Trainee: 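There's a structure below that I have some questions on.
Letters go in sequence order (proteins before strands), and every chain restarts at 1. On a predicted model such as this, the values are computed, not experimentally measured, just so you know.
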Amino acid sequence: MNSSGSGDFKELQATATATMKKGPWTAEEDKVLMDYVKKNGPRDWSSIQSNGFLPRTGKSCRLRWVNKLRPNLKSGCKFTLEEERTVIDMQARFGNKWARIATFLEGRTDNDVKNFWSTRQKRLAKLLQTPLPVRSPRKHRKETVCSQVPDSEDVLLQNLNSPSIEFIQFTKCYVNGKELDYI
DNA sequence: AAGTGATTCAACCGCCTGCGC
DNA sequence: AGCGCAGGCGGTTGAATCACT
């Protein structure tokens, strides 16, 4: 038994944390959050929870706003060649400072940049691991492309100094714009 | 058409930092 | 000066989606 006031408070806090909702956001929740930000601005995130607007932590609210609800976001939009160049350049300059890198990209979040980078890293690792693979491209993915974007894997590869990488880069075979194989 | 593996991305976790008391 | 809290950030995970066989 804890008879101290501070103990009670901690218990309450623990209970509140335990009842916090997690997982995907609903349209309803998004609306509540949007309304809150409209009225109060994007700040005091923890008061969203403490005032009973949403059963979400302040952190969760902030993340949702920053990554999905903020105006002018290019969500669902493939990175353009220019954006990819910027990410590669900035990553070389600053390291994995995604939030910082994201400030150079209009409408992109640190999460976008982070996801983009890790996807590229995986793909690159696979490329290097598997010399001269027969690789069928993924066509027609549900990308909502902002502008005509070529496969810019080359851009990433250009930033590495391995001769084998250059070899891979220049031995892609395209027929009618479709990447078929490595020669 | 169904099964399987690859890929994407939303969201969580844990650590760090800054600020107020 | 030290403590506690909130916010920010990077790393990671897992569900959803997609392409291929």
Trainee: Got more than 12 heavy atoms from elsewhere within 6.0 Å of CZ, R70(A)?
Mentor: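 Yes, enclosed.
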Trainee: Starting from V37(A), walk the hydrophobic network (Ile, Leu, Val, Met, Phe, Trp, Tyr; side-chain heavy atoms closer than 4.5 Å) and list everyone else you reach, by chain and number.
Mentor: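 Result for V37(A) is W25(A), V32(A), L33(A), M34(A), Y36(A), W45(A), I48(A), F53(A), L54(A), W65(A), V66(A), L69(A).
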Trainee: Mind running side chain to side chain contact (heavy atoms under 4.5 Å, CB included) on F79(A) and L105(A) for me, showing each step along the way?
Mentor: CA-CA 10 Å; F79(A) 272 58; L105(A) 301 164; 4.2 Å; yes
Trainee: When you compare the protein's N or O atoms with those of nucleotides 16-20 of chain B, which come within less than 3.5 Å of each other, and at what distance?
Mentor:
none

Trainee: Nearest whole Å is fine: how far is dA6(C) P from I48(A) CD1?
Mentor: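 The distance from CD1 of I48(A) to P of dA6(C) comes to 13 Å, rounded to the nearest Å.
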Trainee: Name all pairs fulfilling the salt bridge (charged side-chain N to carboxylate O under 4.0 Å, His left out) condition that reach into residues 33-51 of chain A, sequence neighbours left out, sorted by first residue then second.
Mentor: K31(A)-D35(A)
Trainee: Among pairs that include at least one residue of residues 51-69 of chain A, which meet salt bridge (charged side-chain N to carboxylate O under 4.0 Å, His left out), considering only residues two or more places apart or in two chains?
Mentor: E29(A)-R56(A), D30(A)-R64(A)
Trainee: When you measure from every atom of DNA chain B, which of residues 24-36 of chain A have a heavy atom less than 4.0 Å away?
Mentor: P24(A), W25(A)
Trainee: Think R64(A) has a side-chain N or O under 4.0 angstrom from the OP1 or OP2 of dA11(B)?
Mentor: yes
Trainee: Expressed as a whole number of angstroms, how long is the span from W65(A):CH2 to dA10(B):P?
Mentor: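 Nearest whole value for this atom pair: 16 Å.
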Trainee: Check side-chain contact (heavy atoms from CB on, under 4.5 Å) between R93(A) and all other residues, then give those that pass, not counting sequence neighbours.
Mentor: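 For R93(A) the side-chain contact (heavy atoms from CB on, under 4.5 Å) partners, ignoring immediate neighbours, are D89(A), M90(A).
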Trainee: Compare side-chain N and O positions of T119(A) against OP1 and OP2 of dT8(B) and report whether any pair is under 4.0 Å apart.
Mentor: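 T119(A) to dT8(B) OP1/OP2: side-chain N or O found under 4.0 Å.
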Trainee: Rounded to the nearest angstrom, tell me the gap between atom CZ in R56(A) and atom P in dG7(C).
Mentor: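 After rounding, the reported distance stands at 17 Å.
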Trainee: Run the side-chain hydrogen bond (donor to acceptor under 3.5 Å, both in side chains) test against N96(A) and tell me which residues pass, sequence neighbours left out.
Mentor: Q91(A)
Trainee: Measure the distance from CZ on R62(A) to C1' on dC12(B) and round it to the nearest whole Å.
Mentor: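 In whole Å, dC12(B) C1' and R62(A) CZ are 13 Å from each other.
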Trainee: Side-chain N or O of S60(A) less than 4.0 angstrom from OP1 or OP2 on dA11(B)?
Mentor: no
Trainee: Residues sharing L63(A)'s hydrophobic cluster, by side-chain heavy-atom contacts under 4.5 Å among ILVMFWY, directly or via others?
Mentor: none
Trainee: Using side-chain hydrogen bond (donor to acceptor under 3.5 Å, both in side chains) as the criterion, list what pairs up with N111(A), not counting sequence neighbours.
Mentor: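 Testing N111(A) for side-chain hydrogen bond (donor to acceptor under 3.5 Å, both in side chains), a comparison that skips the adjacent residues, returns none.
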Trainee: To the nearest 0.5 Å, tell me how far D110(A) CG sits from N115(A) CG.
Mentor: 9.5 Å
Trainee: Please list, chain by chain and in numerical order, all residues satisfying side-chain hydrogen bond (donor to acceptor under 3.5 Å, both in side chains) with T86(A), sequence neighbours excluded.
Mentor: none
Trainee: Report, one pair per line, the protein and nucleotides 10-13 of chain C atoms (nitrogen or oxygen only) whose separation is under 3.5 Å.
Mentor:
| unit_1 | atom_1 | unit_2 | atom_2 | d |
| --- | --- | --- | --- | --- |
| dG10(C) | OP1 | N96(A) | O | 3.4 |
| dG10(C) | OP1 | W98(A) | N | 3.0 |
| dG10(C) | OP2 | W98(A) | N | 3.4 |
| dG10(C) | OP2 | A99(A) | N | 2.9 |
| dG10(C) | N7 | K114(A) | NZ | 3.2 |
| dG11(C) | OP1 | N96(A) | ND2 | 3.2 |
| dG11(C) | OP2 | W98(A) | NE1 | 2.9 |
| dG11(C) | N7 | K114(A) | NZ | 2.9 |
| dG11(C) | O6 | K114(A) | NZ | 3.1 |

Trainee: Rounded to whole angstrom units, what separation is found between the CZ atom of F116(A) and the P atom of dT7(B)?
Mentor: 15 Å
Trainee: To the nearest Å, give me how far apart NZ (K78(A)) and P (dT17(C)) are.
Mentor: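 So the two atoms are 20 Å apart, to the nearest Å.
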Trainee: Check the distance between dT8(B)'s P and W117(A)'s CH2 and give it to me in whole angstrom.
Mentor: 15 Å
Trainee: Quickly work out the K74(A) NZ to dC9(B) C1' distance and round it to whole Å.
Mentor: 18 Å
